[in-house]
Amino acid sequence: MYNCKECGYASITKLGKCPNCGAFASMQKDETKIKPKKSAQKTTLTSGVALESKLAQSSQFFDIKNTELKRVYQNGIKQGGVYLLGGQPGIGKSTIILQIIQDLIENNKISIGYFSGEESQDQIYSRLKRIKKDSKFQNLDIYTASSIEDIVQTISEKDYDFFVIDSIQTIYSNNIDGIAGSPSQVKFCSEKIGEFAKQRGKTCFIIGHVTKGGEIAGPKYLEHIVDMVSYLEGDRFGQYRFLRSMKNRFGSTDDISIFEMGLFGLTPVYDIKERIINTANTSIPGSVFTMGIDNGRPVIVNLEVLLNKTNYKYPQRMAVGIDNNRLNLVIAILERYLKLNLGYFDIYVNLPGEFKFYDSGLDLALATAIFSQYQNKLVDKNSIFVGEIGLGGQLLPSKLHEKRKNETPEGFKFVDKKLLNHVVELKKIF
Ligand code: TYD
Ligand code: MG
C-alpha cells in the first residue's frame with residue numbers, strides 16, 4: 001500500500017502524482033506494522049457515584065478572557081477536551097497557541113506542558129517574550145521533543161492539566177515504521193494522544209499543518225478522533241488571520257475570530273466593520289458594500305468590480321475572493337434580463353482585505369457593482385446589498401438573511417428582496 005504524505009490518500013500502486021491533492025512524488029510505501037499489545041485491555045465499570053462526579057467534572061471549562069478567541073472557543077477550553085488546530089506553515093499557529101496558554105495561565109490555576117518538535121526552547125521563549133513582555137508564565141514547562149513515548153511519559157509524571165503538541169507531523173513513535181509526518185505515524189501518534197488525554201481527563205491541543213489544498217497533512221480522520229477542529233487561515237503575507245471552527249462537540253461552529261499579525265503576536269480586530277467602511281473607495285463606480293456570511297458570522301465587505309474593453313476572443317472573467325461560477329451566473333442573468341452587452345468586456349472582481357466568501361448572498365451586490373461599472377454611475381455608499389439571484393432574475397433571500405440584516409451598521413440601508421424583486425429593478429436605484 002502507498003500513502004500520499006501530503007493528504008493520506010491510499011493507493012495500491014505508486015503514483016507519480018496524487019489524484020486527491022495533486023502533489024507530485026508524494027506517494028510513500030506504508031509498511032505499518034503495529035506491534036501487538038501485550039494483553040487485551042481490561043475495561044472496568046465506573047460505579048454510579050464515581051461516574052456522576054466524573055460527569056460534573058467534565059462539564060467544566062478553563063476560562064479564557066480574550067473575547068475574540070471566545071467567538072470560537074465560546075465557554076472556554078473544555079477540561080478533558082482534545083482539540084485540533086490546523087493551518088498552513090507560518091500562518092501563526094504556534095503564536096496563537098501561546099496566546100491561548102497565556103490566557104489560560106492568567107485566568108486559571110493550571111499546569112501546562114508544551115511539546116515542540118519544531119523549535120528550540122530558546123525560540124519558543126523569545127516568542128513568548130514578544131507576545132507578552134511582563135508575563136512570567138508560571139506553571140508552563142516547554143520541551144523540545146519528538147518521541148511520543150517520551151512525551152506521554154513526561155505528561156504522566158508531571159501530571160499536567162493541559163498539554164500542547166506542536167506539531168503532530170513532527171512526532172513519531174518507535175513502535176511504528178515510517179518517518180515522522182507519514183500517515184501511519186500521524187495516525188498512531190494522534191490516537192495515542194487522544195486516548196491518553198481521555199483516560200486521564202487531560203486537556204490537549206494538537207497542532208497540525210495543512211497542505212495547499214487545506215487538508216490536515218495526515219489522515220483525514222484525525223478530525224474524527226478529536227472533539228474540536230479549528231483552523232487558522234488567511235494569507236500569511238496579508239493583514240488578517242481568521243480562526244474558524246469546523247467541528248465542535250462542546251458548542252456551535254457558527255462564528256469566526258479575526259486577528260491581525262503584528263509586532264506582538266495576534267491582536268484581535270474588534271472594529272472590522274469600521275475598517276471596511278472607512279477604507280473602501282466608494283467614489284468609483286463598481287464599488288458596493290455587502291454582508292457576507294463567513295462560517296456563520298456576518299461580515300461586512302466591500303466588493304469591487306472593474307470592466308475593461310476586451311482584447312481577447314473570449315472575454316476574461318476573474319474573481320478574487322468570490323466563486324468564479326457565481327460570477328458567470330450573475331453575468332448571464334444580467335445579459336438576459338438587463339440586456340447588457342457584457343461580452344465586450346473583461347470583468348474583474350475583488351474583495352479588498354483578502355476576504356473569501358463562497359456565498360450566494362453576494363449575488364445582488366455583484367450584479368449591482370457590474371451594472372454600476374457598465375453605466376459608469378456610482379452606487380449609494382450607504383447601502384448594503386444582500387441576496388441570491390435565481391436564474392429567472394428574481395431576488396431570493398440569502399442564508400442567515402436576518403442575521404446579516406441585524407448587522408447593518410447605523411446609517412446604512414439594507415437592500416434586499418423587500419426593495420428589489422427582480423434584477424430589472426436595479427435600474428431604479430441608479
Ligand atoms: P508562527 O506562529 O511560527 O506560525 P506557525 O506555527 O503556523 O508556523 O508565526 C508565523 C509568522 O508570524 C512568523 O513568520 C513570524 C510572524 N510573527 C509576527 O509577525 N509577529 C509576532 O509577534 C510573532 C510571534 C510572529
Ligand atoms: Mg509553529
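First listed ligand is number 1; within each ligand, the first listed atom is number 1. All heavy atoms count here, side chains included; hydrogens, waters and symmetry mates do not. Keep in mind the model is a prediction, meaning the values are calculated, not measured.
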- Query: Is there side-chain contact between Leu342 and Leu307, with at least one heavy-atom pair below 4.5 Å?
  - Reply: yes
- Near Gly265 (heavy-atom distance under 4.0 Å), the atoms of ligand 1 are 21 (C), 22 (O)
- Message: Could you tell me, atom by atom, which parts of ligand 1 come under 4.0 Å of a heavy atom of Phe264?
- Response: 22 (O)
- Task: Check Arg236 against ligand 1 and report side chain, backbone, both or neither, counting heavy atoms closer than 4.0 Å.
- Result: neither
- Task: Would you indicate whether Lys399, at its atom NZ, is surrounded by more than 12 heavy atoms from other residues, nucleotides or ligands within a distance under 6.0 Å?
- Result: yes
- Message: Under 4.0 Å from a heavy atom of Thr95: which atoms of ligand 1 are those, numbered in the order shown and with their elements?
- Response: 1 (P), 2 (O), 9 (O), 24 (C), 25 (C)
- Item | Mode of Ser94 contact toward ligand 1 - side chain, backbone, both, neither (heavy atoms, under 4.0 Å) | both
- Item | N-O pairing of Glu119 and Arg127 below 4.0 Å | yes
- Item | Contact bool for atom 13 (C) of ligand 1 (protein heavy atom, d < 4.0 Å) | no
- Under 4.0 Å, heavy atoms only, figure out whether ligand 1 is touched by the backbone of Arg127, its side chain, both or neither. side chain
- Protein N, O or S atoms less than 2.8 Å from the Mg ion (ligand 2), ignoring waters? Ser94 OG
- Item | Proximal ligand 1 atoms for Gly262, defined as those under 4.0 Å from one of its heavy atoms | 18 (C), 19 (O), 20 (N), 21 (C), 22 (O)
- Message: Return the closest protein heavy atom for atom 16 (C) of ligand 1 as residue, atom name and distance.
- Response: Met261 CE, 4.1 Å
- Message: Suppose I only count heavy atoms of Gln88 and a 4.0 Å limit; which atoms of ligand 1 are within that range?
- Response: 7 (O)
- Message: Considering non-hydrogen atoms of the protein only, which is the closest contact for atom 15 (C) of ligand 1, and what is the distance?
- Response: Arg130 NH1, 4.7 Å
- Query: Right, does atom 5 (P) of ligand 1 have protein non-hydrogen atoms nearer than 4.0 Å?
  - Reply: yes
- Query: Between Phe242 and Tyr240, how do the two ring planes meet: parallel, tilted or perpendicular, split at 30° and 60°?
  - Reply: tilted
- Task: Specify side chain, backbone, both or neither for Asp166, according to which of its non-hydrogen atoms lie closer than 4.0 Å to ligand 1.
- Result: neither
